[in-house]
Amino acid sequence: MKEIRMFDVIHHTVKAFSHARLGPWQGLGDALLVGEGNLSFAKSLLSQPTAQITHMTATTYEKERNVSDNARQNALYLKQCGVLVIHGVDATNLEKSFRPHEFNTVIFQFPNVGSREAKYGQNPNHVMIRKFLRSAVQFLKPDGNVLITAVDNPHYQGTFRFNDSADFAGYEITKTWPFDPFLFSGYAHTNTNDDDSALDDHNRFVTHVFRLNA
Ligand SMILES: C[S@@+](CC[C@H](N)C(=O)[O-])C[C@H]1O[C@@H](n2cnc3c(N)ncnc32)[C@H](O)[C@@H]1O
């Protein structure tokens, strides 16, 4: 009897530990990924059993003719797995690419416009995130989540101003989770303007969970 209790405790502890490690990457349901670059995150996420993806739509901002060979190969793999892959999707204007649809989860990993030129006197990345969140409102189930991952430091927080962006677009940030890229086997993050990875220069990353205001 004692032994059974001990196993119960171990089982619950392991479960709680892996829940904490995987954070928001569980039970994602019908998921839309935007700004996927080389699509390696989409591919990796698909193979995570705990992600429980019922359907995936993986998109790149770049048009098909402009994506890398790696992205092309990953797109092929994803399509063979039943994923809908769409190129040329602007996250700030989803209504242009999608008919009315409500996803359980909308994901943008390491958004970056690749320019520092101010837009309307504001940081262009902040403007992009505000517009993305606003556009995603109509493509999210009322109890769905938008997940945005970024480098976790004051510079990037100041760049994106996630709390202001949430207020602007009608969301609240319900939780932030540390993001560990090494949990996503095969994920090869790349910059917007080259095939390098800015992640090599940083070691703290964070995923913000946005939920629509009730
Ligand atoms: C730093 S890269 C990250 C790529 C990929 N998400 C990853 O984690 O490897 C930023 C990505 O944002 C995309 N992007 C920039 N502006 C965008 C927009 N308006 N809509 C969708 N994606 C955009 C770029 O094309 C680029 O692929």
Side-chain angles (χ1 to χ4, degrees), residues 24-25 28 31-46 48 51 56-75 77-78 83-98 103 105-120 122-137 139 146-153 155-156 159-160 162 165 169 177-208:
W25 307 105
L28 303 180
L32 166 67
L33 290 87
V34 299
E36 261 298 286
N38 62 17
L39 292 159
S40 63
F41 184 75
K43 189 175 166 189
S44 178
L45 192 60
L46 198 64
Q48 292 267 358
M56 178 186 276
T57 305
T59 70
T60 67
Y61 186 41
E62 295 73 25
K63 296 212 163 45
E64 187 169 11
R65 62 177 176 275
N66 296 329
V67 302
S68 64
D69 288 346
N70 188 15
R72 233 173 270 279
Q73 280 163 17
N74 288 336
Y77 172 88
L78 288 167
V83 172
L84 177 61
V85 178
I86 315 177
H87 300 286
V89 173
D90 183 349
T92 68
N93 193 358
L94 295 170
E95 44 280 33
K96 202 173 152 198
S97 301
F98 294 101
F103 295 94
T105 317
V106 179
I107 300 166
F108 200 160
Q109 289 297 101
F110 297 98
N112 198 318
V113 298
S115 153
R116 289 178 185 205
E117 212 173 298
K119 255 192 159 183
Y120 321 116
Q122 307 249 29
N123 185 299
N125 276 309
H126 172 58
V127 174
M128 194 252 275
I129 287 302
R130 277 167 48 144
K131 286 179 146 185
F132 159 58
L133 285 170
R134 202 169 51 184
S135 180
V137 168
F139 295 96
V146 176
L147 307 180
I148 306 180
T149 304
V151 175
D152 188 11
N153 71 20
H155 169 76
Y156 280 91
T159 296
F160 290 110
F162 288 114
S165 305
W177 295 84
F179 175 76
D180 180 357
F182 293 107
L183 288 179
F184 295 88
S185 162
Y187 174 33
H189 168 274
T190 48
N191 296 342
T192 302
N193 294 328
D194 57 51
D195 283 341
D196 294 344
S197 170
L199 299 202
D200 296 343
D201 305 327
H202 304 279
N203 53 19
R204 278 169 58 98
F205 313 104
V206 59
T207 303
H208 299 79

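What you see is a predicted model, and the numbers here were worked out from it, not measured in a lab. Note that these values count all heavy atoms, side chains included, but never hydrogens, waters or copies made by symmetry. Numbering of ligands and ligand atoms starts at 1, following listing order. When a residue number appears, it is its place in the shown sequence, counting from 1.
Closest to atom 2 (S) of ligand 1, if we only count protein heavy atoms, is Thr190 O, 3.2 Å. The single protein non-hydrogen atom nearest to atom 15 (C) of ligand 1 is Asn112 O, 3.3 Å, given as residue, atom name and distance. At the shortest separation from atom 14 (N) of ligand 1 among protein heavy atoms lies Tyr61 CD2, 3.7 Å. The protein heavy atom nearest to atom 11 (C) of ligand 1 is Gly35 O, 3.7 Å.
Backbone and side-chain nitrogen or oxygen atoms of Val113 are examined, and none is located within less than 3.5 angstrom of a nitrogen or oxygen of ligand 1. Considering backbone and side-chain atoms together, Ala91 places an N or O closer than 3.5 Å to an N or O of ligand 1. Looking at Asn38 next to ligand 1, no N or O pair under 3.5 Å apart turns up. Ligand 1 has no nitrogen or oxygen under 3.5 angstrom from a nitrogen or oxygen of His189. Where the criterion is an N or O separation shorter than 3.5 Å, residue side chain and backbone included, Tyr187 meets it with respect to ligand 1. The distance criterion of under 3.5 Å between nitrogen or oxygen atoms is not met by Thr192 with respect to ligand 1.
A side-chain contact (heavy atoms from CB on, under 4.5 Å) with Pro111 is found for one member of Phe132, Tyr61, Phe160 and no other, namely Phe160.
The number of heavy atoms from other shown groups lying within 6.0 Å of OH (Tyr77) does not exceed 12. Remark: Arg204 CZ is loosely packed, at most 12 non-hydrogen atoms of other residues, nucleotides or ligands lying under 6.0 Å away.
Within the 4.5 Å cutoff, the side chain of Phe41 has no heavy atoms near those of the Thr149 side chain. Using a 4.5 Å heavy-atom threshold, the side chains of Val34 and Leu94 count as touching.
Below 4.0 Å from some heavy atom of Phe108 lie the following atoms of ligand 1, by number and element: 12 (O), 22 (N), 23 (C). Atoms of ligand 1 lying under 4.0 Å from any heavy atom of Phe110, numbered from 1 in the order shown and given with element: 1 (C), 2 (S), 3 (C), 8 (O), 10 (C). Close contacts between ligand 1 and Gly37 involve ligand atoms 27 (O) [criterion: under 4.0 Å to a heavy atom]. Short contacts between ligand 1 and Asp90, defined as distances under 4.0 Å to a heavy atom of the residue, involve ligand atoms 18 (C), 19 (N), 20 (N).
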Task: Stepwise side-chain contact (heavy atoms from CB on, under 4.5 Å) check, Asn112 with Asn191 - done: CA-CA 8 Å; Asn112 198 318; Asn191 296 342; over 6 Å; no
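Nearest-heavy-atom check against atom 25 (O) of ligand 1 across Gln109, Glu62, Met128 picks out Glu62.
When the side-chain contact (heavy atoms from CB on, under 4.5 Å) test is applied to Ser197, the partners found at least two apart in sequence or on another chain are His189, Leu199, Asp200.
Contact annotation: for Phe132 versus ligand 1, there are no heavy atoms closer than 4.0 Å. In Val89, the part holding a heavy atom less than 4.0 Å from any atom of ligand 1 is the backbone.
Here the side chain of Asn193 pairs a donor or acceptor atom with the backbone of Gly114 at under 3.5 angstrom.
Between Ala71 and Leu39, the shortest heavy-atom distance links the atoms O-CD1, 3.5 Å.
Ring pair Tyr156/His202: centre-to-centre distance below 6.0 Å.
Side-chain contact, Ser40 with Asn38: a donor N or O sits under 3.5 Å from an acceptor N or O.
Not a single heavy atom of Phe41 sits under 4.0 Å from any atom of ligand 1.
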